[in-house]
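Written out below as structure tokens is the structure these notes cover.
Atoms considered below: every heavy atom in the structure, side chains included; atoms not considered: hydrogens, waters and symmetry mates.
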Amino acid sequence: MSTATPAPAGAPPIVLTRRRINLIFSALVAGMLVSSLDQTIISTAMPTIVGDLGGVSQMAWVTTAYLLASTLVMPVYGKFGDLFGRRTLFLVALGLFTIASVGAALSPSFGAFVFWRGVQGLGGGGMMILSQAIIADIVPARERGKYMGPLGAVFGLSAVAGPLVGGFFTDHPSLGWQWCFWINVPICLAALVVAWFALALPRKRNTEPVDVLGVVTLSTATASLIFFTDLGGSDGWTDPRTLGLMALFVVAAVAFVQVELRAAQPIIPMSLFRSRSFVVATALGAAVGLGMFSAVAFVPTFLQMASGTSAANSGLLMLPMMGGLFLTAIGSGIATTRTGRYKVFPVVGVATVAAAMAWMTTLSGQTPVWVVGSQLFVMGLGLGLIMQIVVLVAQNAVSARDIGSATATNNYFREVGATLGVAVFGTIFTSRLAENLGGALAANAQEAAAAGIVSPDTLVPAAVQAAGEPLRSAIVAAYADSLAPVFGYLLPAFAIAFVLALLIKEIPLSDVAGMVARGEAVTDEADLPAPARTAGEVTSAPAAPDTDGVVDDAPDVVVTGSADEPGAQAPAAHS
């Protein structure tokens with residue numbers, strides 16, 4: 001627990017009215033939208049961007065820079081939000097993202113573009129974590145589902161809208177790929193204005209040392225893991241540099257745990273892992289991330305080759321998955337709020353995604369597009385039942401003072417799982433694809449030469465559609481035969497995830513928002529403390545606004561009497 005400076009006496013806590021909650025939520029949705037959209041909007045613009053800036057051979061750095069930066073800062077934003085308050089951090093993250101969008105749009109070289117993508121990751125990772133933590137601050141866990149569901153659905157919307165919008169800007173003669181970044185600016189500025197006026201959150205003062213060594217060792221471990229997966233996929237898993245990065249990861253991870261056990265304010269408190277519910281929810285998120293992102297990463301490529309559509313239009317073929325995710329993400333959130341029950345959703349969700357994966361192992365060159373759409377719809381239904389419920393379980397399992405750290409840690413391990421999954425199973429897919437495409441072109445050499453296809457590396461959807469039969473069918477079959485087994489390889493990850501979902505202990509959801517539990521807010525003006533208390537009623541004053549209108553951190557409120565009385569400290573959930 002942080003050491004707090006005394007707060008001015010007599011000033012009231014923040015009042016969390018429904019209007020204030022809705023205004024805050026609108027700012028969070030805008031921030032989450034630009035953060036998640038920016039991860040997908042450049043997918044269709046990437047060939048044009050790297051061609052214009054001369055970075056074709058180093059294209060992977062565009063994705064790696066954003067992924068590395070956003071993953072690195074997740075735990076930092078989570079912990080610093082707990083220590084210093086989340087309002088300023090959210091504004092900083094949003095500001096960084098806005099500035100980086102302008103920088104990316106104006107980049108004169110590929111190196112500058114990669115740099116600004118990294119800065120975008122610093123802002124995007126913060127917006128993702130802080131949005132989820134702020135919702136936990138202002139909304140009780142019992143009601144949080146109906147807010148977390150729409151936030152989860154934003155990711156589904158971005159997965160489809162991103163490629164469509166990016167393709168439109170890139171192909172438009174008077175716009176260009178730069179508008180993939182210019183479009184962020186008005187949305188971010190609107191979110192900044194709303195957040196500046198509506199994001200009334202407490203500011204805290206921490207007097208204990210910041211865990212700098214923890215940040216350094218965690219950053220080293222995360223960076224070495226991401227570069228290990230990148231090099232493993234390109235240079236081979238037994239390459240000396242790859243093995244060296246793996247060794248560095250192990251050393252840094254061990255050092256990080258040792259540092260955290262001794263730190264006064266650890267970036268990832270090891271005490272979180274004493275909660276069985278938190279551990280299970282975090283492991284479940286990592287397992288689902290490993291399987292989910294691997295599948296989603298490679299399906300659009302197959303759809304482009306099979307249907308002959310452009311990269312932008314192929315995003316339309318992912319609409320069924322978005323529709324399924326929307327239905328269950330929002331529906332499960334509403335159901336959780338009404339019933340207080342939530343364990344059934346991840347159990348059913350994992351089983352549903354696994355069933356979709358098993359179905360997708362039947363993909364072939366003759367599979368109709370509507371069948372693939374049906375498979376993606378089923379996958380979306382399952383994912384919507386899992387994504388936000390897992391975060392809710394992790395938040396509900398810890399003390400109100402650790403909400404930020406718990407949220408960040410849960411997301412961090414999901415990103416790590418996704419990174420490993422895409423790298424490992426991407427290597428399997430691409431190696432099989434190179435072999436199968438080579439065989440298809442060799443068997444149809446005359447047709448390939450007539451179509452101008454000289455190498456698998458230069459294959460584009462338009463060339464596939466222009467190719468005559470039987471070459472076209474052979475190429476589509478090569479993609480299907482390479483991708484279908486990958487879904488089978490992912491099934492063990494979902495078998496583990498299913499067991500983890502069964503192990504979730506359904507702790508009753510808290511009826512008290514995080515800020516209320518910490519004595520920083522009340523839900524009604526009638527609950528504001530009286531100007532004066534008689535001696536013995538309160539042993540430690542509740543958190544009160546500073547002279548600038550924000551709240552300083554104060555010791556826990558201990559009120560004699562019923563826990564239902566205003567200002568009482570809500571007990572932490574235990575597993």
From [atom1] ([X]) to [atom2] ([Y]), nearest 0.5 Å:
X	Y	atom1	atom2	result
Y342	R144	OH	CZ	11.0 Å
D402	S275	CG	OG	10.5 Å
S405	L83	OG	CG	7.0 Å
L28	M128	CG	CE	13.5 Å
F256	L261	CZ	CG	9.5 Å
N411	I129	CG	CD1	3.5 Å

For [X] against [Y], the heavy-atom pair lying closest together:
X	Y	value
N396	A141	OD1-CB, 3.6 Å
S219	L72	CA-CD2, 3.3 Å
L491	A358	CD2-N, 4.0 Å
P75	L218	CG-CD2, 3.5 Å
D82	G404	OD1-N, 3.0 Å
F498	V350	N-CG1, 3.5 Å

Taking the side chain as every heavy atom from C-beta outward, state whether [X] and [Y] have any atom pair closer than 4.5 Å.
X	Y	answer
F278	V398	yes
L509	E143	no
Q132	Q395	yes
F80	I267	yes
I268	F273	yes
R414	V390	no
N184	T98	no
T282	L272	no

Test log, rule side-chain contact (heavy atoms from CB on, under 4.5 Å), inputs L248 and F228: CA-CA 10 Å; L248 177 61; F228 161 74; over 6 Å; no
Please test L363 against Q375 for side-chain contact (heavy atoms from CB on, under 4.5 Å), starting from the C-alpha separation and ending with a verdict. CA-CA 10 Å; L363 278 177; Q375 294 167 339; 3.7 Å; yes
Sub-3.5 Å donor-acceptor pair from the side chain of [X] to the main-chain atoms of [Y], do we have one?
X	Y	value
K343	E506	no
T71	L68	no
E260	M270	no
R276	L503	yes
T336	S332	yes

What do the steps show when you test F84 against V210 for side-chain contact (heavy atoms from CB on, under 4.5 Å), and what is the final call? CA-CA 11 Å; F84 304 110; V210 174; 4.1 Å; yes
Scan the side chains in residues 118-125 for donor-acceptor partners under 3.5 Å anywhere in the protein, sequence neighbours excluded, and list what turns up.
| residue | atom | partner | partner atom | Å |
| --- | --- | --- | --- | --- |
| Q120 | OE1 | R117 | NH1 | 3.0 |
| Q120 | NE2 | D38 | OD2 | 3.1 |
| Q120 | NE2 | S101 | OG | 3.1 |

From CA spacing to verdict: side-chain contact (heavy atoms from CB on, under 4.5 Å), M360, L376: CA-CA 9 Å; M360 295 183 83; L376 291 172; 4.1 Å; yes
Check ion pair D137-R86 (N to O, under 4.0 angstrom):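 Yes, this pair counts.
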